[in-house]
Q: 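Quick one: the structure is below, questions incoming.
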Amino acid sequence: MSSNRDQFTSKLGFILAAAGSAIGLGAIWKFPYTAGTNGGSVFILLFILCTLLIGLPILMSEFLIGRRAQADAVSAFKKEAPNKPWFLAGWLGVLVSALILSFYGVVGGWILSYLFRAVTFQLDGGTEEHYGALFSDLISNPVEVIFAQALFMFITIFIVQGGIKGGIERAGKWMMPALFIFFILLAIRSLTLDGAIEGVKFMFVPDWSYFNMETLLNALGLAFFSLSVGVGAMITYASYLPKTETITSSAFNVAWMNIAISILAGLVIFPAVFALGYSPAQGPGLVFIILPAVFEQIPLGSVLVIVFFVLLLFATLTSSMSLLEITVSVFVKDNYASRRKYAWIVGIVIFIAGIPSALSFGHWSDVSIMGKSIFDFIDYMTANVGMPLGALAFSLFVAYYYKTSITQNELNLPTPMYWIWRVAVCFVAPIAIIIISVYNLFA
Ligand code: PFF
């Protein structure tokens, strides 16, 4: 192992980094709005099932590949399967993760814009219409959106150029618990609003009319997106883990924390949506419109909202840096001196690639690809096509390329648990991904 590769110094550092990658806009922004547009409860149930039965086993597989190979997402496959085409799965991950970051940076920019408004107390005292108008004015303003996106990408590049573990352990240690506590407090406030019960019903009383293959595909895509699975992020992170550290408990921790934050985010948003008379199905603006309205109902809300957006910014940055790290690590390989150069080149290219997404709520809102805006199209293609394809390749790789003795040894699980994992990666995950994807392709 080359001495100039970064390494996590502790298992906690690794868990925090992996959880930091997973927990971000997926749980806090995308989960509420996708649940909102997919009818709530049934979607939430499917999301949890997809996370546990398909996402988690593949997350373990990515950890396994990364820790074993001690190399970036492309080199890992070249090392483990020399002269075989498996490394193409690594390149697919590079492409898909770069596309994700292209629009992720746009939403990261929205968060910066909201933080600016919070700090200047412009989020106070609004009516319901005010919050809706605030969001639509912001996302349709090309100068602000692109400037904020550039700033967000700049911060991401700046962190990644210095190596991923610098700071993440320290920041993660207080950020993750703080985020949990904030969400619990907000959920309590939201749940005690008049009429909140309708939101709880929306989340937990199944309306089976929404049970169909499209909902299932959306749930699967969100499970992959919010676990950071299917693009090699977790291969990359696990490659910085010393071979002596165990991976299975980390995977479980990442999965449950991610589900917990998602449900909590739902418990903040949906009770308030119904109590304050909004629509749950309003798309990407949902969280940005509802959150300030909930803070409005809290004593000292105008100060707390600042802290909240800072925490949200941290959570988003720990995900965006993992997205950038995938591609950067592929180019840097063992030449640590080139890290800064590649962080800037790759980051700037991705920023430029994201500009059409940034404009797709304003100047370019008329441009559509297959009936979707540019932003929605890239979001859909990455989560619902690219990530499932990558996840399929990773699961087939560990299931059929590695010998049983290797995976058994690497995972070091009690026998029954090992076989549950094995059945999941050999059969459940690949078959489910293929059926769901093919069905939706021809539907
Ligand atoms: N899991 C991140 C989130 O939920 O915000 C998004 C993400 C990060 C997806 C890293 C993929 C990835 F490789």
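Numbering of ligands and ligand atoms starts at 1, following listing order. Along the sequence shown, residues carry numbers from 1.
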Q: From E214 CD over to N440 CG, what is the distance, rounded to the nearest 0.5 angstrom?
A: 6.5 Å
Q: Please tabulate, for side-chain N and O atoms in residues 381-389, each donor-acceptor pair with protein atoms closer than 3.5 Å (sequence neighbours left out).
A:
from: T382; atom 1: OG1; to: I378; atom 2: O; distance (Å): 2.7
from: T382; atom 1: OG1; to: D379; atom 2: O; distance (Å): 3.0
from: N384; atom 1: ND2; to: N218; atom 2: OD1; distance (Å): 3.1

Q: Looking only at the side chains, is there a donor atom on one of T156 and S320 sitting less than 3.5 Å from an acceptor on the other?
A: yes
Q: Any protein N/O atoms within less than 3.5 Å of an N/O atom in ligand 1? List the atom names and distances, or say none.
A:
from: ligand 1; atom 1: 1 (N); to: S21; atom 2: O; distance (Å): 3.1
from: ligand 1; atom 1: 1 (N); to: A22; atom 2: O; distance (Å): 2.9
from: ligand 1; atom 1: 1 (N); to: F225; atom 2: O; distance (Å): 2.8
from: ligand 1; atom 1: 1 (N); to: S228; atom 2: OG; distance (Å): 3.0
from: ligand 1; atom 1: 4 (O); to: A22; atom 2: O; distance (Å): 2.9
from: ligand 1; atom 1: 4 (O); to: G26; atom 2: N; distance (Å): 2.9
from: ligand 1; atom 1: 5 (O); to: L25; atom 2: N; distance (Å): 2.8
from: ligand 1; atom 1: 5 (O); to: G26; atom 2: N; distance (Å): 2.9
from: ligand 1; atom 1: 5 (O); to: Y104; atom 2: OH; distance (Å): 2.4

Q: Would Y402 and E80 count as having a side-chain donor-acceptor pair, cut-off 3.5 Å?
A: yes
Q: Please determine, by modelled atom types, if E325 and Y240 share a side-chain donor-acceptor pair under 3.5 angstrom.
A: yes
Q: Do S250 and N253 have a side chain donor and acceptor closer than 3.5 Å?
A: no
